[in-house]
Amino acid sequence: MTALGWGVLGAARIARSDFLPAVAASPSARLAAVGARDLGRAAEMVEGHPGARAYGSYDEVLSDPAVDAIYVALPNSLHTEWTVRALEAGKHVLCEKPMARSSAEVQEIAAAAGPGRPVVMEGFMYRFHPQYDTPAFTALLAELGEITTAHAHFSVPLEIPDDFRLSAELGGGAFWDLGCYCVHALMWLLGDVTEARGTFTGHPDVAGSAWLRFASGATGTASWGFTGTFAERLLLVGTAGVLDLELPFLASGAGTIRLATEHGDRTWTPAAGNQFRTQVDHFSAVVRGDADLRIPLSETLRWVTVAENLR
């Protein structure tokens with residue numbers, strides 16, 4: 001198997017601390033290049049990756065023939081632009097969420113990708129944690145009966161005044177950083193949304209909440225914010241039970257899952273796993289033609305359309 005050559009755009013923390021180690025650990029991937037505005041930071045990132053090149057611009061990465069796929073780890077405001085430019089350069093693209101912040105931007109990406117290749121996917125890495133990709137989780141969902149309501153919460157305190165995630169110009173805000181996980185997960189599990197309402201505190205928002213009605217008749221709520229303590233939860237209430245996930249999003253370890261039914265309570269602790277590594281392996285398999293894309297553009301369009309209606 002030939003390892004997929006990755007080019008990274010940007011020197012963001014998530015690229016350095018999560019994506020590059022995942023590439024290094026995967027036999028299906030290798031780092032080919034890193035581009036950053038600061039050439040020194042790019043050079044630091046390629047250390048320990050034999051043959052990888054450091055560039056002081058993003059365009060140089062797109063022009064490198066050793067690069068097969070691009071990982072976009074730039075501020076939100078640049079995601080769509082550089083996803084499109086990478087696709088037009090003939091590269092496969094994995095773009096950090098949110099890949100787009102409007103349905104028009106998703107359509108622009110779809111036009112650049114065209115039918116078939118290259119592969120393009122939004123990087124909601126939580127979908128690749130082993131806790132979801134097991135028969136055990138599918139069985140637990142089945143025991144719930146029909147899901148009638150659900151709640152997702154994600155909060156991470158942010159105390160750095162000049163953090164780019166607080167910049168409206170750079171597409172910041174707690175919704176695009178945290179709330180998007182909540183809405184995405186609820187739509188993945190409950191289906192299409194027919195009605196959506198949202199509230200936001202600040203501009204860009206530092207906290208918010210949403211209420212969703214689904215085509216099935218179920219309802220869902222979400223809350224998120226840069227205020228308060230670190231917390232994440234996903235609660236699913238069905239006609240036959242309640243399922244509570246302790247670490248639905250940043251599950252770097254093994255989070256506990258609790259199921260309560262009329263037959264009693266059960267606790268399941270799935271094996272720990274590196275969801276970034278699993279995401280990289282999945283992307284490589286899709287490029288090889290050995291797997292179907294887990295998060296296609298149609299799914300991105302669905303949740304971004306709902307996000308537009310919330311605001």
Side-chain angles (χ1 to χ4, degrees), residues 97 122 124-155 175 178-199 208-225 228 230-273 275 278-279 282 292 294-296 298-307 309-310:
K97 56 77 194 164
E122 188 171 23
F124 274 108
M125 80 304 181
Y126 80 95
R127 287 279 298 276
F128 297 90
H129 191 274
Q131 69 180 337
Y132 295 120
D133 198 18
T134 63
F137 182 72
T138 303
L140 290 174
L141 282 179
E143 289 193 54
L144 288 179
E146 180 182 353
I147 298 176
T148 59
T149 189
H151 178 68
H153 175 81
F154 200 2
S155 58
F175 175 76
L178 303 172
C180 61
Y181 284 106
C182 300
V183 172
H184 193 271
L186 291 175
M187 293 185 65
W188 167 47
L189 293 166
L190 277 73
D192 290 334
V193 171
T194 58
E195 187 179 355
R197 297 195 292 269
T199 60
S209 62
W211 177 89
L212 308 172
R213 185 184 300 280
F214 296 87
S216 64
T219 59
T221 56
S223 57
W224 59 87
F230 174 86
E232 55 174 309
R233 272 296 191 276
L234 179 60
L235 186 71
L236 306 173
V237 181
T239 53
V242 178
L243 193 63
D244 181 10
L245 282 76
E246 183 181 36
L247 296 175
F249 306 124
L250 294 182
S252 55
T256 299
I257 298 177
R258 297 176 178 84
L259 175 69
T261 69
E262 63 179 4
H263 304 295
D265 297 352
R266 297 208 313 276
T267 298
W268 175 50
T269 302
Q275 52 204 341
T278 309
Q279 181 179 238
H282 169 78
D292 294 327
R294 187 169 299 182
I295 306 177
S298 57
E299 186 168 318
T300 297
L301 180 61
R302 284 175 62 241
W303 91 261
V304 170
T305 300
V306 170
N309 293 330
L310 288 176

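All values below come from the heavy atoms of this structure, side chains included, with hydrogens, waters and symmetry mates left out.
With values rounded to the nearest 0.5 angstrom, L236 atom CG is found 7.0 Å from L190 atom CG. Between I257 atom CD1 and L140 atom CG the span is 6.5 Å, to the nearest 0.5 Å. Interatomic distance, D133 CG to R127 CZ, rounded to the nearest 0.5 Å: 10.0 Å. Atom CG in L245 sits 8.5 Å away from atom CH2 in W268 (nearest 0.5 Å). In this structure, NE2 on H129 lies 8.0 Å from OG1 on T278, to the nearest 0.5 angstrom. In this structure, CD in Q279 is found 8.0 Å from CE in M125, a value given to the nearest 0.5 Å.
Using a 4.5 Å heavy-atom cutoff, the side chains of L234 and L189 are in contact. Within the 4.5 Å cutoff, the side chain of E143 has heavy atoms near those of the L259 side chain. The shortest distance between side-chain heavy atoms of F249 and C182 falls below 4.5 Å. No side-chain heavy atom of I147 sits under 4.5 Å from any side-chain heavy atom of V237. Under the 4.5 Å side-chain criterion, counting only non-hydrogen atoms from C-beta, R302 is in contact with D192. Contact annotation: the side chain of R197 never approaches that of L310 to less than 4.5 Å [non-hydrogen atoms, C-beta and beyond]. Within the 4.5 Å cutoff, the side chain of R233 has no heavy atoms near those of the F154 side chain. When side chains are defined from C-beta on, V183 counts as touching F175, because their heavy atoms get closer than 4.5 Å.
When the side chain to side chain contact (heavy atoms under 4.5 Å, CB included) test is applied to H153, the partners found at least two apart in sequence or on another chain are H151, S155, S223, A231. Every residue was checked against the salt bridge (charged side-chain N to carboxylate O under 4.0 Å, His left out) condition with D265, not counting sequence neighbours, and none meets it. For Y126, the side-chain hydrogen bond (donor to acceptor under 3.5 Å, both in side chains) partners at least two apart in sequence or on another chain are H184. Looking at residues two or more places apart in sequence or on another chain, you find no salt bridge (charged side-chain N to carboxylate O under 4.0 Å, His left out) involving R258. F137 pairs by the ring-ring contact (aromatic ring centres under 6.0 Å, His included) definition with Y132, not counting sequence neighbours. Residues forming a ring-ring contact (aromatic ring centres under 6.0 Å, His included) with F128 (at least two apart in sequence, or on another chain): H282.
Counting only distance, with no hydrogens or angles, the side chain of T194 and the backbone of R213 share a donor-acceptor pair below 3.5 Å. The backbone N or O of A222 lies less than 3.5 Å from no partner atom in the side chain of S209, so there is not a single donor-acceptor pair. Distance alone, capped at 3.5 Å, places no donor-acceptor pair between the T221 side chain and the W211 backbone. Without hydrogens or angle criteria, Q131 side chain to L247 main chain gives a donor-acceptor distance under 3.5 Å.
Aromatic ring centres of W188 and Y181 lie farther apart than the 6.0 Å criterion allows.
In summary, E299 and R294 do not engage in a salt bridge, as defined by a charged side-chain N under 4.0 Å from a carboxylate O.
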Discussion item. Walk me through whether L235 and L243 qualify under side-chain contact (heavy atoms from CB on, under 4.5 Å).
Written reply: CA-CA 6 Å; L235 186 71; L243 193 63; over 6 Å; no
Discussion item. Before you tell me yes or no, could you show the steps for V193 and N309 under side-chain contact (heavy atoms from CB on, under 4.5 Å), namely the whole-Å CA-CA distance, both residues' side-chain angles and the distance that decides it to 0.1 Å?
Written reply: CA-CA 10 Å; V193 171; N309 293 330; over 6 Å; no
Discussion item. W303 vs F124, test: ring pair (Phe, Tyr, Trp, His ring centres under 6.0 Å). Steps then yes/no.
Written reply: CA-CA 12 Å; W303 91 261; F124 274 108; 5.7 Å; yes
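For the 3.5 Å distance criterion, the side chains of T300 and E122 qualify, holding a donor opposite an acceptor. No side-chain donor-acceptor contact under 3.5 Å links T256 and T267.
Closest of all the heavy-atom pairs between G241 and T261 is CA-CG2, 4.1 Å. For the residue pair L186 and A150, the shortest heavy atom distance occurs at CD2-CB, 3.6 Å. Between G145 and T239, the shortest heavy-atom distance links the atoms CA-OG1, 3.6 Å.
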